[in-house]
2 protein chains.
Amino acid sequence: MADTSFLDPGQLAAYFALMEVSSLLQHAVDQQLREDGGLSYIQFQILATLGETPDEPQRMTDVADRLVHSRSGLTYQVTQMAKAGLLTRAPSSDDERSTMVSATPKGQEVLAQVFPGHVELVRQVLLAPLTRADMDALSDILGRVRAHMRADPPRSAAPRRRSAHDR
Amino acid sequence: MADTSFLDPGQLAAYFALMEVSSLLQHAVDQQLREDGGLSYIQFQILATLGETPDEPQRMTDVADRLVHSRSGLTYQVTQMAKAGLLTRAPSSDDERSTMVSATPKGQEVLAQVFPGHVELVRQVLLAPLTRADMDALSDILGRVRAHMRADPPRSAAPRRRSAHDR
DNA sequence: TATTGTTATACTCTATAACTATA
DNA sequence: TATAGTTATAGAGTATAACAATA
């Protein structure tokens, strides 16, 4: 069995590169969204999620699950965004406990206003130095990691851990 | 010239996979460090930076530059960590304006206490589904992105932007 | 009883600007 | 004048627990 106490240089390099690139990218993306539309990245994600289905409002819980928020955290963001006129809340007709959220025309406007700069930034910061083969390899490798993360949360490494949702 | 308004599916896949994996990884890492040593990821980075050179205290500004902090942000973290006994501050003998920071024995202890679980988590969450070739490809690709990010901040995408350091 | 969502609350973190002191 | 670091302050975000309403 492999020594489990250390990562060899190649493993460390992959880990550090990922952490540093994502940190820089996150930072850059956050600034762009803030400047071009006054949005945080999470607000952008929420808006983008709602913008995909302009006709179909989505449940709070579904949005929260998708974006790994605590419920109260999502309530906070949605409250801010509703104040800003980017989305609206309405009680569900199916289940009166549920709140359905949908992007307003203004929300879609802001999304459209922010999007070109966002795409441009991603292109310049992340994609510019990559070949098509690099991008494919990156999606493939990280896609596998993502599938693994979703399927198999690291219980044995953090046995005391419980997510906000399983109590 | 390529259409600059959209990312094709392959580009989007690479971008989204990176953002989601790093977000999940960041979350998992943060929890592990918090549980095993009461450290945030940034505090871990600071401590790890100081732990590399136990004999050579490092300047506040150098640490801040390396970890992309605002200076006041670093002062805040260092203050917290000094209260917790993880590091100490001392005026520099070379330059009386500077503050030199170094990890205390307790800081090194906490680092050692946190490290095995950290390595184990990274192995399980990030590295488990990857082959050696994947890791090499990942380091190579992201290493190039990192070099590109450091060398060439996205000015044209965010022309109004100034970093906290260039005023 | 379980689930949906909100609220109250407390905490962590970040950034800007003003400030002190040294170079 | 420029640089190093701190402080005051204000704001954004997060999480936990208690809660009301509905299933």
Side-chain angles (χ1 to χ4, degrees), chain A residues 23 26-28 30-31 33-35 37-46 57-84 87-101 160-167, chain B residues 23 26-28 30-31 33-35 37-46 57-84 87-101 160-167:
Chain A
S23 161
Q26 181 70 57
H27 218 255
D30 237 83
Q31 283 179 343
L33 293 171
R34 194 80 66 179
E35 284 168 9
L39 298 175
S40 66
Y41 183 62
I42 289 151
Q43 291 173 342
F44 171 72
Q45 285 183 300
I46 294 171
Q58 303 197 30
R59 283 177 65 218
M60 289 289 285
T61 296
D62 294 338
V63 178
D65 285 351
R66 185 159 166 185
L67 301 179
V68 195
H69 262 290
S70 64
R71 292 176 173 208
S72 66
L74 182 64
T75 296
Y76 169 77
Q77 290 297 349
V78 166
T79 301
Q80 302 312 110
M81 294 169 77
K83 276 182 195 161
L87 48 77
T88 51
R89 279 185 278 198
S92 164
S93 43
D94 290 5
D95 182 339
E96 300 243 324
R97 292 171 303 180
S98 299
T99 298
M100 307 300 286
V101 196
R160 286 155 265 162
R161 205 76 211 63
R162 288 175 302 167
S163 99
H165 285 155
D166 53 16
R167 39 188 77 128
Chain B
S23 161
Q26 181 70 58
H27 219 255
D30 237 82
Q31 283 179 344
L33 294 171
R34 193 81 65 182
E35 284 167 9
L39 297 175
S40 67
Y41 183 63
I42 289 150
Q43 291 173 341
F44 171 72
Q45 284 183 300
I46 294 170
Q58 302 198 27
R59 282 177 62 215
M60 289 289 286
T61 296
D62 295 339
V63 177
D65 285 352
R66 185 159 166 186
L67 301 179
V68 195
H69 263 291
S70 64
R71 291 173 174 210
S72 64
L74 183 63
T75 295
Y76 169 77
Q77 291 296 349
V78 166
T79 301
Q80 302 312 109
M81 294 169 78
K83 275 181 197 163
L87 49 76
T88 51
R89 282 185 276 199
S92 164
S93 43
D94 291 4
D95 182 337
E96 301 243 324
R97 292 171 303 182
S98 299
T99 299
M100 307 301 286
V101 197
R160 287 157 264 161
R161 206 76 211 59
R162 289 175 303 167
S163 99
H165 285 154
D166 53 17
R167 32 190 82 127

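Small disclaimer: the values here were computed from a predicted structure and weren't measured. Labels below follow one simple rule: chain letters A, B, ... track the order of the sequence lines, proteins then strands, and each chain is numbered from 1.
- Between H27(B) and dA15(D), a side-chain N or O to OP1/OP2 separation shorter than 4.0 Å is present.
- Atom CD1 in I46(A) sits 11.0 Å away from atom CD in Q58(A) (nearest 0.5 Å).
- The distance between atom CZ of F44(B) and atom P of dT12(C), rounded to the nearest whole Å, is 20 Å.
- Counting any heavy atom pair closer than 4.0 Å across all strands shown, T75(B) reaches a base atom.
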Under 3.5 Å, which N/O atoms of the protein pair with N/O atoms of nucleotides 8-13 of chain D?
{"residue": "dG13(D)", "atom": "OP1", "partner": "S40(A)", "partner atom": "OG", "Å": "3.4"}

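- Paired with V101(B) under the rule side-chain contact (heavy atoms from CB on, under 4.5 Å), one option of M81(B), M60(B), R59(B) passes, and it is M60(B).
- The side chain of M60(B) lies closest to dT6(D) when the candidates are dA21(C), dT4(C), dT6(D).
- For the OP1/OP2 pair of dT6(C) and a distance below 4.0 Å, the side-chain nitrogens and oxygens of R89(A) include at least one atom meeting the criterion.
- Residue order along DNA chain C, read from the 5' end via each residue's closest nucleotide, puts V78(A) first among E96(B) and V78(A).
- In this structure, the side chains of T99(B) and V78(B) stay at 4.5 Å or more apart for every pair of heavy atoms.
- One atom, CG of D30(A), and another, C1' of dC13(C), lie 14 Å apart when rounded to the nearest Å.
- Residue R59(B) places its side chain closer to dA4(D) than to any other of dA4(D), dA15(D), dT6(D).
- Mapping R97(B) and L74(B) onto DNA chain D by nearest heavy atom places R97(B) closer to the 5' end of the strand.
- Between Q77(B) atom CD and Q45(B) atom CD the span is 10.5 Å, to the nearest 0.5 Å.
- Proximity of R71(B) to the phosphate of dT6(D): no side-chain N or O atom is located under 4.0 Å from OP1 or OP2.
- Within the model, atoms CG of D30(A) and CD of Q43(A) stand 9.5 Å from one another, a figure rounded to the nearest 0.5 Å.
- Each of P91(B), S92(B), P57(B) was scored for a side-chain contact (heavy atoms from CB on, under 4.5 Å) with S98(B), with one residue passing: S92(B).
- Computed from coordinates, the I46(B) CD1 to dT12(C) P distance equals 15 Å when rounded to whole Å.
- None of V63(A), I42(A), T79(A) except one satisfies the side-chain contact (heavy atoms from CB on, under 4.5 Å) rule with L74(A); the exception is V63(A).
- Residue S98(A) is in sugar-phosphate contact alone, with no base atom involved, counting any heavy-atom pair closer than 4.0 Å across all strands shown.
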